[in-house]
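These values consider heavy atoms only, across backbone and side chains, with no hydrogens, waters or symmetry-generated copies.
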Amino acid sequence: MAFTSGLAASLSIDAITISGLHAWFANRTVIHPTDLVLPAGKFISVLGVNGVGKTTMLRTLVGNNPFGKARVCLRNGIDLLALGGAERAKACAWIPAPSPLAFPYSVFEVVLMGRYPHHHGLPSDKDRRLTAATLKDLDLVDLQHRNVNTLSSGERQLVLLARGINCRSALLLIDEPTASLDAGRELQVLRYLRMLTTKHGRTIIAAIHNLQGAQQFSDVVLTIEQGQVQVFDPAAKAFVPEVVGRMFGL
């Protein structure tokens with residue numbers, strides 16, 4: 001991938017202070033109340049077995065979970081979830097697992113949608129230029145005129161990832177960024193996300209299943225076990241037999 005210009009976040013943050021994070025479903029507690037302070041400008045992986053609450057936690061942090069609550073402060077006491085829609089999107093992009101879109105948009109149109117908080121439906125030349133740069137970075141130029149619903153699941157995953165990245169948000173919350181990707185593409189994407197943190201100061205919190213990828217690219221690891229969230233900083237502290245064995249029941 002050739003990394004182009006214009007990747008810096010539209011808002012800088014110093015740290016992420018999370019208080020009162022908890023989530024539930026029916027009568028079951030998914031995440032017990034917890035407070036966290038996470039460093040900005042880092043690659044933060046969320047690890048745990050299937051169904052433990054990784055996606056639930058990310059959705060709660062972005063305010064997209066009716067069965068969860070949290071206060072997320074990015075800087076100077078600004079509460080992310082108290083911001084209006086456009087301002088929140090500029091600060092934090094939520095990139096969910098891929099799903100079919102209702103309309104036959106082209107790849108370029110979908111990625112351009114990531115600029116909506118900036119152009120509000122009237123994209124400028126700058127928005128189109130940044131979209132073209134994002135497509136180039138993720139090797140999607142050859143697909144830009146394709147109907148996104150005709151793509152493979154892996155290609156669609158890349159398109160939705162590109163849409164989220166294209167907003168230039170300071171914080172990216174990503175649910176399984178390498179789902180459905182082949183080994184080569186998976187490595188490319190993880191390297192690219194890592195570059196966004198090291199060279200452009202963006203903060204990434206991503207639910208990841210690939211332990212090897214998480215170990216290679218993470219600065220910090222969050223684990224979820226039986227509703228308890230634990231922070232490992234540096235990430236290397238998480239990749240020891242005791243922690244991995246307990247986390248995955250090995």
Side-chain angles (χ1 to χ4, degrees), residues 1-12 41-43 86 89-101 103-206 208 210 213 216-219:
M1 294 182 180
F3 304 133
T4 56
S5 60
L7 292 172
S10 56
L11 171 73
S12 62
K42 302 295 182 181
F43 193 120
K90 290 177 184 178
C92 177
W94 163 234
I95 305 176
S99 60
L101 299 182
F103 299 98
Y105 295 111
S106 71
V107 168
F108 188 93
E109 289 171 328
V110 171
V111 179
L112 182 61
M113 289 176 190
R115 300 294 306 161
Y116 185 83
H118 302 273
H119 63 61
H120 302 289
L122 296 172
S124 65
D125 289 342
K126 177 183 178 181
D127 294 313
R128 296 182 183 279
R129 185 171 65 253
L130 290 174
T131 298
T134 302
L135 290 168
K136 182 178 180 181
D137 283 349
L138 289 168
D139 291 339
L140 293 170
V141 174
D142 291 344
L143 299 177
Q144 63 181 315
H145 301 301
R146 286 270 303 273
N147 175 347
V148 71
N149 288 326
T150 67
L151 303 179
S152 70
S153 57
E155 290 169 332
R156 192 162 61 247
Q157 169 75 5
L158 287 172
V159 172
L160 296 183
L161 184 65
R163 181 182 65 180
I165 289 171
N166 202 30
C167 188
R168 271 53 178 180
S169 307
L171 172 63
L172 284 79
L173 273 63
I174 314 176
D175 191 13
E176 300 186 31
T178 60
S180 304
L181 300 184
D182 60 53
R185 277 291 205 176
E186 183 174 11
L187 183 59
Q188 282 184 317
V189 165
L190 289 174
R191 283 177 174 168
Y192 181 69
L193 294 177
R194 176 70 175 173
M195 181 277 301
L196 290 179
T197 64
T198 58
K199 293 187 178 180
H200 299 281
R202 298 168 80 175
T203 306
I204 293 172
I205 305 177
I208 293 181
N210 184 331
Q216 183 176 354
F217 294 100
S218 301
D219 298 298

List the atom of [X], the atom of [Y], and the distance in Å for their closest heavy-atom pair.
{"X": "Ile204", "Y": "Leu193", "value": "CD1-O, 3.3 Å"}
{"X": "Leu138", "Y": "Ala162", "value": "CD1-CB, 3.4 Å"}
{"X": "Ile95", "Y": "Leu160", "value": "CG2-O, 3.7 Å"}
{"X": "Pro104", "Y": "Asn147", "value": "CB-ND2, 3.3 Å"}
{"X": "Ala89", "Y": "Cys167", "value": "O-SG, 3.4 Å"}
{"X": "Arg185", "Y": "Asp139", "value": "NH2-O, 3.3 Å"}

Distance in Å, [X] [atom1] paired with [Y] [atom2], rounded so as to fall on 0.5 Å steps:
{"X": "Leu143", "Y": "Leu135", "atom1": "CG", "atom2": "CG", "answer": "9.0 Å"}
{"X": "Trp94", "Y": "Leu173", "atom1": "CH2", "atom2": "CG", "answer": "7.0 Å"}
{"X": "Lys90", "Y": "His118", "atom1": "NZ", "atom2": "NE2", "answer": "6.0 Å"}
{"X": "Asp182", "Y": "Ser152", "atom1": "CG", "atom2": "OG", "answer": "9.0 Å"}
{"X": "Gln157", "Y": "Glu176", "atom1": "CD", "atom2": "CD", "answer": "8.0 Å"}

### Query
side chain to side chain contact (heavy atoms under 4.5 Å, CB included) with Pro123: which of Arg115, Arg128, Met113, Glu109?
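Option passing the side chain to side chain contact (heavy atoms under 4.5 Å, CB included) with Pro123: Arg128.
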
#### Entry: Side-chain heavy-atom pair Ile205, Ile174 within 4.5 angstrom cut-off
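No - every pair of side-chain heavy atoms lies 4.5 Å or more apart.
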
### Message
I'd like to check His119 versus Ser124 (side-chain heavy atoms, cut-off strictly below 4.5 Å). Are they in contact?
### Response
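They are not in contact (no side-chain heavy atoms under 4.5 Å apart), so the answer is no.
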
### Query
Sub-3.5 Å donor-acceptor pair from the side chain of Arg202 to the main-chain atoms of Leu172, do we have one?
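Judged by distance alone, no pair lies under 3.5 Å.
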
### Message
Any donor-acceptor pair under 3.5 Å linking the side-chain atoms of Arg163 with those of Thr131?
### Response
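Looking only at side-chain atoms, Arg163 and Thr131 do not form any donor-acceptor pair under 3.5 Å.
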
